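These notes concern the structure reproduced below.
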Protein chains: 2
Amino acid sequence: MISQKAKYALRALVALAKQPPGKPTFISEIAETQSIPKKFLEQILLDMKHHGLVASRRGKAGGYGLLRPADTISFGEVLRIIDGPIAPLPCLSKIAYRRCEDCKEEASCEVRRVFAQVADATRGVLDRTTIADALEARLPPRLRDAVA
Amino acid sequence: MISQKAKYALRALVALAKQPPGKPTFISEIAETQSIPKKFLEQILLDMKHHGLVASRRGKAGGYGLLRPADTISFGEVLRIIDGPIAPLPCLSKIAYRRCEDCKEEASCEVRRVFAQVADATRGVLDRTTIADALEARLPPRLRDAVA
DNA sequence: ACTTACTCTACAGGGACAATATAGTTTGAA
DNA sequence: TTCAAACTATATTGTCCCTGTAGAGTAAGT
C-alpha cells in the first residue's frame, strides 16, 4: 500500500501537468479540485520543491508549477521522495540498502530471492512510467518505448 | 515493504517444507534456527493454522507441520493472511476492495491506472511462486510452468 | 503426576501516518 | 502604505499498527 501522502503528491503533479506551463497554479485550487487537505498539500508541494520537481512563486499571483517536463518525472522518483524505498525488503533496496539482521547468508535466502523478482517487476513499471504517461490514457507505458 | 511478521511466516513455512513430512517440528527449533522470537512465532503459526496452512500436535512429541503440499502454498496467499491486501491502493484490491474517498471517477483516475499495472506485475510473481519454488534455487519460477 | 509444548487473550512501547495549528514572510494590488 | 492572499516553516496532536512480551490455561506423552 502506498501512503495517502504519495497518492496526493502524484495527483497534484498530474494536475500541474494539465495546466498550461509557465502560469503558476494556486495550492488552494489544486486542493479543492483534487479533494486534498490544503495544509497537508502545502507540506507535500514544499517537499517536492526541495527535491527540484516543482517551482513556486509567492504573493498574490503566486502558485506552483512543474519545474521539469512531465515526461522526465517518473512515478518511482515521486514515491521514493514521499514514501522512501520501493523495495519490499530492506536488503533489496538500491537507495537504502540494509542487511536483514535475521537471515544468515543473503545469497541463500529463499525469501529474498523471490522478492527480488517482485522488486524488479515493480520498479519496471514505476521507473518507466512518467507523469506524462499517466495523462495519456491510450498508450500503456510498455508501448511508449516501442513506439519511440 | 512487507512486515517483519510476514517475513517470519514465510521463513517458517520454508523451514517446515524442508523437514520430512509427517513428523512435527518444534516451534522452539524453528525459532532458534531462524532467529525468530519464540512467542511471536507462536502467534504466527497459530494464525497459519487457523487458515489451514499448517497443522499442530500438542504434548511432548508435538510441533508443527505443513498441512498442504509446499507447491500449493503461494507467497501471495501467505502475505494476504499476514499483511492483508497486496494491492498498492485499496481501490485495486481483489480481496478487500474499497473505493478511494477522494478521486471522483475511478475509470479516469490516472494514478489508479498506473498502479493497476504494478498490482498485476506483483501478483504475477507472488501468486505464481510457491514455497516449493522457493526451495529450488535453480529454476526461476517463470520457467516452472514452461518446463511442466 | 509431571514435564514439555502448544493455545489463547491481553496488552504495552514505539514509531509512522495524516492532519492541524501557529507563526512568519513575500508579493501584488487597492 | 496598508491589506490580503499566498507561500514557508516548524511544532504538535491523535490515531493506528507493528513488534514483541506476559501469563494463564490446555493437552499429551512418560
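Values below: every heavy atom of this structure, side chains too, minus hydrogens, waters and symmetry copies. Just so you know, these numbers come straight off a predicted model, no measurement behind them.
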Hey, does Ile27(B) reach any base, or is it just sugar-phosphate, or nothing, if we go heavy atoms under 4.0 Å? sugar-phosphate
Where each residue is assigned the nucleotide of DNA chain C containing its nearest heavy atom, which of Arg57(A) and Ile2(A) is assigned the position nearer the 5′ end? Ile2(A)
With nearest nucleotide decided by heavy atoms, which residue, Glu42(A) or Ala6(A), maps closer to the 5′ end of DNA chain C?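 It is Ala6(A), whose closest nucleotide lies nearer the 5' terminus.
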Please report, rounded to the nearest Å, how far the [atom2] atom of [N] is from the [atom1] atom of [X].
X: His50(B); N: dC6(C); atom1: NE2; atom2: C1'; result: 11 Å
X: Arg58(A); N: dG24(C); atom1: CZ; atom2: C1'; result: 9 Å
X: Phe40(B); N: dC18(D); atom1: CZ; atom2: P; result: 9 Å
X: Gln4(B); N: dG14(C); atom1: CD; atom2: C1'; result: 15 Å
X: Ile44(B); N: dC18(D); atom1: CD1; atom2: C1'; result: 11 Å
X: Ile82(B); N: dG20(D); atom1: CD1; atom2: P; result: 13 Å
X: Asp47(A); N: dA18(C); atom1: CG; atom2: P; result: 14 Å
X: Lys38(B); N: dT21(D); atom1: NZ; atom2: C1'; result: 13 Å

Tell me whether Arg98(B) at atom CZ has more than 12 heavy atoms from other residues, nucleotides or ligands lying less than 6.0 Å away.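 Count not over threshold, so no.
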Taking atom types as they are modelled, is there a donor-acceptor pair under 3.5 Å from the base of dT21(D) to the side chain of Gln43(B)?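 Indeed there is one.
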Nearest-nucleotide pick for Lys39(A), side chain only, options being dA19(C), dT7(C), dA9(D): dA9(D)
So if I take every side-chain heavy atom of Phe26(A) and compare against dT21(D), dC7(D), dT19(D), which nucleotide ends up nearest?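 It is dC7(D).
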Measure the spacing between CE of Met48(A) and CG of Leu66(A) and express it to the nearest 0.5 Å.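 So the CE of Met48(A) and the CG of Leu66(A) are separated by 9.0 Å.
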Roughly how far apart are Leu13(B) CG and Glu77(B) CD, rounded to 0.5 Å? 9.5 Å
Looking only at atom types and distance, does a side-chain atom of Arg99(B) sit under 3.5 Å from a main-chain N or O of Cys91(B), one as donor and one as acceptor? no
No-hydrogen, no-angle side-chain donor-acceptor test under 3.5 Å, Lys38(A) and Ser28(A): no
Does [N] have OP1 or OP2 under 4.0 Å away from a side-chain N or O of [X]?
X: Tyr64(B); N: dA5(C); answer: no
X: Ser56(B); N: dT7(C); answer: yes
X: Lys49(A); N: dT8(D); answer: yes

